[in-house]
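The basis for the numbers below is simple: all heavy atoms, side chains too, and nothing from hydrogens, waters or symmetry mates.
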Protein chains: 4
Amino acid sequence: MPGNSFGHTFKITSFGESHGPAIGVVIDGCPAGIKIDHAYIQSELDRRKPGQSAIVTQRKEDEAFEILSGVFEEHTTGTALCILIPNKDARSKDYSHIKDTFRPSHADFTYDAKFGNRDYRGGGRSSARETATRVAAGAIAKLFLKQKNIKINAFVNAVGNISIDKPYTALDLEQTEENIVRCPDPQKAIVMEKLIKQVKKDGDTIGGQISCVIKGLPAGIGEPVFDKLHADLAKAILSINACKGFEYGSGFEGTKMKGSEHNDSFSSIDGKTTTDTNYSGGIQGGISNGMDIYFKAAFKPVATIIQDQKSVDKTGATVNIKGKGRHDPCVVPRAVPIVEAMAALVIVDHLLRNRSSRIN
Amino acid sequence: MPGNSFGHTFKITSFGESHGPAIGVVIDGCPAGIKIDHAYIQSELDRRKPGQSAIVTQRKEDEAFEILSGVFEEHTTGTALCILIPNKDARSKDYSHIKDTFRPSHADFTYDAKFGNRDYRGGGRSSARETATRVAAGAIAKLFLKQKNIKINAFVNAVGNISIDKPYTALDLEQTEENIVRCPDPQKAIVMEKLIKQVKKDGDTIGGQISCVIKGLPAGIGEPVFDKLHADLAKAILSINACKGFEYGSGFEGTKMKGSEHNDSFSSIDGKTTTDTNYSGGIQGGISNGMDIYFKAAFKPVATIIQDQKSVDKTGATVNIKGKGRHDPCVVPRAVPIVEAMAALVIVDHLLRNRSSRIN
Amino acid sequence: MPGNSFGHTFKITSFGESHGPAIGVVIDGCPAGIKIDHAYIQSELDRRKPGQSAIVTQRKEDEAFEILSGVFEEHTTGTALCILIPNKDARSKDYSHIKDTFRPSHADFTYDAKFGNRDYRGGGRSSARETATRVAAGAIAKLFLKQKNIKINAFVNAVGNISIDKPYTALDLEQTEENIVRCPDPQKAIVMEKLIKQVKKDGDTIGGQISCVIKGLPAGIGEPVFDKLHADLAKAILSINACKGFEYGSGFEGTKMKGSEHNDSFSSIDGKTTTDTNYSGGIQGGISNGMDIYFKAAFKPVATIIQDQKSVDKTGATVNIKGKGRHDPCVVPRAVPIVEAMAALVIVDHLLRNRSSRIN
Amino acid sequence: MPGNSFGHTFKITSFGESHGPAIGVVIDGCPAGIKIDHAYIQSELDRRKPGQSAIVTQRKEDEAFEILSGVFEEHTTGTALCILIPNKDARSKDYSHIKDTFRPSHADFTYDAKFGNRDYRGGGRSSARETATRVAAGAIAKLFLKQKNIKINAFVNAVGNISIDKPYTALDLEQTEENIVRCPDPQKAIVMEKLIKQVKKDGDTIGGQISCVIKGLPAGIGEPVFDKLHADLAKAILSINACKGFEYGSGFEGTKMKGSEHNDSFSSIDGKTTTDTNYSGGIQGGISNGMDIYFKAAFKPVATIIQDQKSVDKTGATVNIKGKGRHDPCVVPRAVPIVEAMAALVIVDHLLRNRSSRIN
């Protein structure tokens, strides 16, 4: 059974390989009446695109997109909405060095093991190229959320050993886009940028972490017992290339706490039920409680490095592999809009799913 | 849209409230030919059941189960398989203290916000009582895996600040069931047990972590791009009550590493492609690579504590709430079989899903 | 991939074999707030149950049912709702005559071919016993529709060569339950009953047709392009045992008409858009238009007959088979509530699905 | 919840409006290893395309297609496969006559009722233009079936009152493509063609029927109890524009038969279990039995006629509407490849689904 669809009511299906003619995404279940803002969609794609700064891959991807269906007179019509993004940089290169060999910690070997063949050009379907379609679909979801006053902000929380040591509530998230690292702590951003540049110079890569905050979601969203809101967020985020971990609310640190410390006592403020602390991360029993939702994601270092590596080829013979050309020294600056997009897809899907929770 | 089903090809649907007549689970998509071992299913349920040791809740749940369908002459028939577990301890109690008030960090408020009503007896559907059905369905999945020589072992990795400081490869996982904490490091187990007992005495609770290792899964299992194997594992595990985080392979620690350190170089051993290290956690590009899969999960402290807590009632008035009676001081010892069950459900589902990956 | 679930938002999963301890159904996605009327559910089950009249099988099935979950204080809670129906007549009989042989036009051979084994007692999962769970779930759906003033009426339209020769608009559908055939044309009912009794006396069976009318469904329900309302109705009805055909609106007769005769011109009556004729059967482009929906279903003669029949056994040897005991001489009188139940499940599912068609 | 996807394991998602830039389809779950034959796909599209003969609409649709993903070195790779078909004839016309009025027996009113807006150009999403994507995806499915020696043949069985009066077994189905009606009975074809031409001359339209035969499907395919093979075929066929009815095997005629006449006795021929007659239509209990599967579908007359018709506009005012320009006088000749395509999609989906029916 296939795995290129995500969501249930607001359901996306993604397609496309790194070096095929185009990648794209179909949103089936996009409600009628979303006002389409082409410039906004483009700006979201631009936040993800290569070549945008000195610390990302220098490949050229123009990221022009076209909406093929589902929109009429600048509004969604409720029919399936397809966004197409041509692969402009899909030049015919020499891929003989990876055709029959397995790059360490890439998906070359596993795709071969699964399917018996693979489109090896630029990683084919396993390339992070595919995440552009997530951002495109996520932009539609965000336009929906905008009309509902729900806001999603992701930011770089750590690069290697350098991490923000304040809670998100002490940060000005509006500053995230002010630097090329996408870190809202300006001092940390400078150190992170320096580290990324050094790593790049060494032909190496480095991991990092992204935090994300969702504000304005009303209480009552999420579907227990399996489709808990945080469980679907976890799946969404861990489906992004290079993601290795997810935690929400108190997360792994919370495992060291006692119930008497960790429980969020309730208050009533202006008729609204709120919590005095938010170790729950805005979700209780898998359902939103109206407080901020926040989570953190771990990203491993990019596997492509400009250094010699030992590997094997299809015959089992030992080979030496060396990454070529352009790559990201650190994935997190460009992954920020991807994390936001996946979170937006989950939230819109669950908002729509919740519409059938009561008889009226 | 509902959320009480999990899986696609081996799909379970769970039902039942804490204090209704019974809980149960239907497996739709259970292949014909699994040999049913009733004693094994019972032993799995017993690993989760309350009252099994001095460090878990003392409620009595007998956990007798009955298979209502889908089995004939001790083998699955391929039709929907229903397992029913009666609620023997569902005595009529006084629940007036939680009927109209919201217990801190429970799901009382959010269920009310979502559905407009709720079965408040013992937490109703939000109670961890529901996890018994996961263990029951997981036992069927494990019987399937047994026939395929795939083995899943979870164990307690940390309780509060006390954690195992060795990699799983340095542990004898067969020792997990030798102590009531379910920690395969005997020295640590003693300290953990002591901590749990102290916390219990204080009317408090404490969080913890569980690790899980999957051995014997062949390469090629997992469905990119959204249903990556680890993404589905993450969702499965985070859907368990009290779970706050998930990481696999190098996880959050891996974010501090460089690509040159983190990449798993390939070797060929006896014609089998293997990796020299396993920071990938047995999964590359969302597909298993034949190495051990391992992951870790974070569990928050149980919300029920025998201490006064501030909260509000439905009218918004401030109230004082105090937990009553029997509860788990630490969830992780009993959560070990639940983690294994959810992992088994994911693995069986993906093994079956993979059967349509090639034309022959 | 399994096939024991039906519906998407109001989704049922059915389980149980003819001679197991119980059959049952889980509704996942049942909205909170439906008022449960136990007597009504029982009355629906009684309309389907064996032994209710002289022209149906004389097996005794008491059809007591129990709601195990999802209901609290007589209202649905929004959690998974399980209804269990014990098999009271599941006595241990001699089934050796069908264990290794294939009854003509039953599912014995195909279940064996598919699964490699089968529960042969009373037909196992392929028995029409399973349809009781459809009626039970359908009764919940009908309680929902009652609160929305939507009404579903099925009736016997033909038995063998005897059929009603008036359109449904010329019939008083309230008379359907006035006779044991469930035919609202009293004169025809007498002739049909006579035919069924003669066929029964001969140890034979006879086919028939059921019509169904849905009144009160608002315009706008149905999901093109694949989940057209009539396409989902067709699947629902054809999934009932012995059903061989489905047509809606003008159906097969309409293929002989010209567009100028068949088109339903529009009028506006009291501000409501209506059609002057209704060859469309209340559905245009797969979406309801607010007019009556009507369809017809074909049911083959029951395969169990008290006559000698030639067949083969598992080894391929020719055998003589003779049906034993109690069977229905004609399936349509008891199938009327099943058709209504399946239609109700489709309508409720689509009403809920439609809630996400627009942004607000 | 959306309705633009069909199938479970071999799942297609269709998108596109009649006058947008392109229509297309994504196959998610297409197994790796299908040999792609571009000329064959084109030939299938050409069988459906307008302008192919004197009795179909004279619109020009070139039906060039492009495969954007999922194919490498002329074989499917197992990743999502997207086929794009540009709308070459999407010229900017004057649609003011249908913008605010509802054409009788079209989907104008119901789309408006559902979504609150609609792309009215050429019918938008409700146009039969969309069926080209079904044929494209169906061609991939047929390439799969070719490798499995399974063959699907549909043909025109009736136009208006003129119908073939022989069983399909007495016809040479290879002759279907020999005439422009796609009727394998050459004498009947001549009369049908004459009728269609007369109807066209009158500015009118006429209905018809299509039969379909599936040969070579092994026994054991189909998923009871809801996803019976014929139930999924019925849904697939009734989801095609203008389809009003479906019957398989003995169908509606079979309702007049007795069990003793209708039962298909078994024989064993060369070690294979077969039936002596085939009233079952190759399916018993929802599962194929290895005999030919055959079914029939009813298609209403096309709603677009070149005659004055009474209708209403959005304000409820009575208006006169007259169809313009080019339309099909009878839908069945062009619907033949669409019926085959939908049948192929169902068969491939069920072949793959069946792979998880047994433990090995």
Side-chain angles (χ1 to χ4, degrees), chain A residues 1-5 7-33 66-73 75-84 86-87 111 114-121 124-126 130 349 352-353 355-356, chain D residues 1-5 7-17 19-33 66-73 75-84 86-87 111 114-121 124-126 130 133 349 352-353 355-356:
Chain A
M1 231 201 75
N4 296 290
S5 290
H8 297 266
T9 299
F10 191 90
K11 183 176 61 163
I12 70 168
T13 301
S14 153
F15 61 88
E17 278 78 43
S18 175
H19 285 62
I23 57 173
V25 64
V26 184
I27 308 175
D28 192 13
C30 190
E66 186 180 11
I67 299 181
L68 296 181
S69 62
V71 173
F72 186 60
E73 295 176 345
H75 286 81
T76 56
T77 58
T79 64
L81 190 162
C82 179
I83 303 177
L84 201 73
N87 283 329
Y111 267 71
K114 182 176 190 68
F115 297 115
N117 69 8
R118 75 178 201 276
D119 179 348
Y120 47 76
R121 299 167 304 162
R125 183 67 179 152
S126 72
E130 161 264 307
D349 192 36
L352 295 174
R353 289 176 70 174
R355 290 187 182 176
S356 58
Chain D
M1 231 200 77
N4 297 290
S5 290
H8 296 266
T9 299
F10 191 89
K11 184 176 60 163
I12 69 167
T13 301
S14 154
F15 61 88
E17 277 77 43
H19 284 62
I23 58 174
V25 63
V26 184
I27 309 175
D28 192 13
C30 190
E66 187 180 12
I67 299 181
L68 296 181
S69 62
V71 173
F72 187 60
E73 296 176 344
H75 286 81
T76 56
T77 58
T79 64
L81 189 161
C82 180
I83 303 178
L84 200 73
N87 284 328
Y111 267 70
K114 182 175 190 68
F115 296 116
N117 70 6
R118 76 179 201 275
D119 180 347
Y120 47 77
R121 299 167 304 162
R125 183 67 178 153
S126 71
E130 161 264 308
T133 69
D349 193 36
L352 294 174
R353 289 176 70 173
R355 290 187 182 176
S356 58

Looking at [atom1] of [X] and [atom2] of [Y], how far apart are the two atoms once the value is rounded to the nearest 0.5 Å?
| X | Y | atom1 | atom2 | value |
| --- | --- | --- | --- | --- |
| D:Cys30 | A:Asn4 | SG | CG | 11.0 Å |
| A:Arg125 | A:Ile23 | CZ | CD1 | 8.5 Å |
| D:Ile12 | D:Ser5 | CD1 | OG | 8.0 Å |
| D:Ile27 | D:Lys11 | CD1 | NZ | 12.5 Å |
| D:Asp28 | D:Cys82 | CG | SG | 11.5 Å |

For [X], is it the side chain, the backbone, both, or neither that has a heavy atom closer than 4.5 Å to a heavy atom of chain A?
| X | result |
| --- | --- |
| D:Phe10 | neither |
| D:Phe72 | side chain |
| D:Arg355 | neither |
| D:Thr76 | backbone |
| D:Thr13 | side chain |

For D:Arg353 against D:Thr9, the heavy-atom pair lying closest together: CG-OG1, 3.4 Å
field: Between A:Phe115, A:Tyr111, A:Tyr120, the one whose heavy-atom pairs under 4.5 Å with chain D are most numerous
entry: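 Top count of heavy-atom pairs under 4.5 Å with chain D: A:Phe115.
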field: Side chain / backbone / both / neither for A:Leu84 at chain D, heavy atoms under 4.5 Å
entry: side chain
message: If I measure from the heavy atoms of chain D, does A:Leu352 come under 4.5 Å with its side chain, its backbone, both, or neither?
response: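 Contact with chain D: none, neither part.
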